[in-house]
Number of protein chains: 2
Amino acid sequence: MSDQTTCRRDARPRRLILAGAHRQPGYCLTCGIRAQSVCSVIDDDDIARLAETAVETLVLPGRSFIEEGAAATDFYNITSGSVKLFKALPDGRRQITGFATTGHFLGLAVSDQYAFGAEAIDTVRLCRFSRPRMRQLMDDFPRLERRLLAEASNELVAAQNQMLLLGRKTARERVASFLLERMREAQDPAEDVPLPMTRSDMADYLGLTIETVSRTLSWMRTERLVAIGKGHTVRIIAMERLQTLAAGDAA
Amino acid sequence: MSDQTTCRRDARPRRLILAGAHRQPGYCLTCGIRAQSVCSVIDDDDIARLAETAVETLVLPGRSFIEEGAAATDFYNITSGSVKLFKALPDGRRQITGFATTGHFLGLAVSDQYAFGAEAIDTVRLCRFSRPRMRQLMDDFPRLERRLLAEASNELVAAQNQMLLLGRKTARERVASFLLERMREAQDPAEDVPLPMTRSDMADYLGLTIETVSRTLSWMRTERLVAIGKGHTVRIIAMERLQTLAAGDAA
DNA sequence: CGCCAGATTGAGTGACCTCAAAATCGGTGG
DNA sequence: CCACCGATTTTGAGGTCACTCAATCTGGCG
């Protein structure tokens with residue numbers, strides 16, 4: 001099998017130990033993305049507890065900050081940028097299980113090992129919480145646990161959709177589904193879809209090769225379904241036809 | 001695409017509304033599978049609350065009791081038998097997202113619609129809880145919520161493994177992974193693996209066709225990796241070689 | 001301008017799918 | 001016990017969609 005996907009920018013992505021520091025009690029009060037993250041369940045009165053627990057960290061593009069199989073010591077909350085989550089086989093085949101962006105919470109694991117790796121796509125800023133501290137927070141704020149359950153349930157639904165895609169959809173249907181998902185995920189609700197990830201990442205997410213992704217996008221361009229813009233964006237032209245394709249209604 | 005998989009025993013599986021009745025307060029005290037289910041987080045003192053909420057239901061083989069897209073009104077806890085969970089495309093293509101057996105909890109959904117369907121493989125006995133009552137129980141017993149979060153996290157890990165399988169593994173690797181998973185899942189830890197589901201279900205779970213599943217099992221038999229027994233069982237002969245294959249170490 | 005990683009395009013192959021037929025299993029009734 | 005029937009499974013033959021290998025093109029950057 002091809003190992004194109006293993007030829008990464010860094011042959012062995014090293015873990016970034018960028019220390020960062022615990023924040024001042026008022027830190028989380030001014031956090032711009034608090035409203036859209038799990039942190040929103042903690043009131044202003046108690047937010048100092050959270051701020052003391054959080055460690056802000058910067059991760060450079062291409063750097064990995066969770067290693068599959070490593071001891072699961074921390075939880076992460078992404079405050080800016082986007083990351084890819086993945087699993088790998090011994091021979092280098094990779095499956096990206098999801099992309100996470102601003103506001104996403106990472107690191108849920110019952111086991112004491114991470115079940116997946118995580119790598120920054122662009123420059124990523126995140127808040128790190130140690131497991132014991134997080135556990136303490138969950139004990140003290142049941143709403144936090146409820147929110148995490150909701151978060152996990154949503155991810156489970158997304159995972160089931162992805163299984164349907166990987167198991168039963170054609171290449172064209174996969175790419176169409178992907179573009180629509182990226183559109184929904186984008187903060188700005190325009191029809192210009194940002195695709196910060198490489199073709200290789202798209203392929204590893206969709207269970208395809210980079211060539212097939214590229215060919216399929218070219219086909220969509222000639223079919224006037226999309227226009228491929230400069231700088232990692234795609235403009236959706238024929239929304240309805242793309243939706244029909246993604247839903248698997250037409251061959 | 002083939003619609004072999006849509007030719008079910010029942011062309012249109014009807015929802016089974018087998019009423020069942022609320023249980024006596026002492027009912028859950030004697031439940032044999034309480035220890036291995038979410039119900040274990042509720043003490044003997046409070047178990048009457050749970051018993052009053054539960055409605056025991058019987059589902060016959062091949063009958064569906066959760067319909068994809070239907071209003072999510074209930075949670076379910078399986079007390080015996082096994083069920084398949086699945087998603088479908090408009091043209092009949094199906095992806096089984098998982099199998100659930102004794103002790104499993106079903107119905108987590110943030111949305112008000114079920115994201116998947118569920119159908120009994122053999123005769124299934126289950127406890128049904130209405131969402132409002134379940135919500136009340138979660139309010140009263142935070143340990144229940146914690147347990148559900150743990151359950152959801154485990155399912156998330158399983159889903160990620162399945163995405164790796166569907167996206168990147170070969171047919172042989174998929175079937176090997178499946179047999180080992182079924183072995184781990186079996187209560188009786190022998191090397192005789194029970195496979196209550198049909199080839200069609202296996203195919204829809206592994207993202208293959210029934211022919212490929214059948215051919216792959218035949219290949220494993222001639223390679224002396226397994227022996228195919230009567231009555232939906234497979235005996236694993238070469239455990240280590242099968243594990244190597246499932247892990248994707250060898251081609 | 002030259003370099004290089006990433007992306008596109010082309011040609012040929014192969015793993016799995018499709019269609020079709022034969023074999024086996026499980027249940028039923030004589 | 002055995003013959004029969006439908007459903008499921010297995011096996012066979014051929015086709016195809018996505019993969020592999022390889023060459024070319026593009027864009028960002030020193």
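Order of the sequence lines fixes the chain letters, A, B, ..., with proteins taken first and strands second; residue numbering starts at 1 for each chain. Both backbone and side-chain heavy atoms feed into the values below; hydrogens, waters and symmetry mates do not.
Rounding to whole angstrom units, NE2 of residue A/His232 and P of C/dA5 are separated by 15 Å. Between the CG atom of A/Leu206 and the C1' atom of D/dA18 there is a distance of 13 Å, rounded to whole Å. Taking atom CZ of residue A/Arg221 and atom C1' of nucleotide C/dT9, one finds them 11 Å apart after rounding to whole Å. In this entry the distance linking NZ of A/Lys230 with P of C/dG6 reads 19 Å, nearest Å. In this structure, B/Met197 places its CE atom 11 Å from P of D/dT9, rounding to the nearest Å. Rounded to whole angstrom, the span from the CZ atom of A/Arg199 across to the P atom of D/dT26 amounts to 15 Å. Between the CD1 atom of A/Ile210 and the P atom of D/dT26 there is a distance of 17 Å, given to the nearest Å. Taking atom CG of A/Leu195 as the reference point, atom P of C/dA7 lies 11 Å away to the nearest angstrom.
Under 4.0 Å is where a charged nitrogen must lie from a carboxylate oxygen, and between A/Glu173 and B/Arg93 at least one such pair does.
Partners of B/Thr233 according to the side chain to side chain contact (heavy atoms under 4.5 Å, CB included) rule, which considers only residues two or more places apart in sequence or in another chain, do not exist here. In terms of the side chain to side chain contact (heavy atoms under 4.5 Å, CB included) criterion, residue partners of B/Ala100 (sequence neighbours excluded) are, by chain and number, B/Ile78, B/Val83, B/His104, B/Leu106. Taking A/Glu185 as the reference, nothing meets the salt bridge (Lys or Arg N to Asp or Glu O under 4.0 Å) condition, with sequence neighbours excluded. In terms of the salt bridge (Lys or Arg N to Asp or Glu O under 4.0 Å) criterion, A/Glu181 has no residue partners (sequence neighbours excluded). Judged as a ring-ring contact (aromatic ring centres under 6.0 Å, His included), and not counting sequence neighbours, the contacts of B/Tyr205 are B/Phe99, B/Phe178. For A/Ser82, the side chain to side chain contact (heavy atoms under 4.5 Å, CB included) partners two or more places apart in sequence, or in a different chain, are A/Thr101, A/Ile121, A/Asp122, A/Pro196. For A/Arg215, there are no salt bridge (Lys or Arg N to Asp or Glu O under 4.0 Å) partners at least two apart in sequence or on another chain. When the salt bridge (Lys or Arg N to Asp or Glu O under 4.0 Å) test is applied to A/Lys169, no partner is found at least two apart in sequence or on another chain.
For A/Glu211, the side-chain atoms get nearest to C/dT9 when compared with the rest of C/dC25, D/dT9, C/dT9.
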Strictly under 3.5 Å: I want the nitrogen or oxygen pairs between protein and nucleotides 3-7 of chain D, one per line.
none

Between the protein and nucleotides 13-16 of chain C, which nitrogen or oxygen pairs come in under 3.5 angstrom?
residue: C/dC16; atom: OP1; partner: B/Ala171; partner atom: N; Å: 2.8

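End-to-end axis angle of the helix from C/dC1-D/dG30 to C/dG30-D/dC1, from C1' rotation axes over five pairs per end: 30° (rounded to 10 degrees).
For residues 218-237 of chain B, the pairs satisfying salt bridge (Lys or Arg N to Asp or Glu O under 4.0 Å) are B/Asp192-B/Arg235, with sequence neighbours left out.
With rounding to the nearest 0.5 Å, the separation of CZ in A/Arg125 from OG in A/Ser80 is 5.0 Å.
Regarding contacts with the backbone of C/dT8, every side-chain N or O of A/Arg215 stays at 4.0 angstrom or more from both OP1 and OP2. At D/dT11, one or more side-chain N or O atoms of B/Ser218 fall inside 4.0 Å of OP1 or OP2 (strictly under the cut-off).
Looking at which nucleotide of DNA chain D each of A/Val213 and B/Leu217 is closest to, the 5′-most match is held by B/Leu217.
Taking the six-membered ring for Trp and the full ring otherwise, B/Phe105 and B/Tyr76 have centroids separated by 6.0 Å or more.
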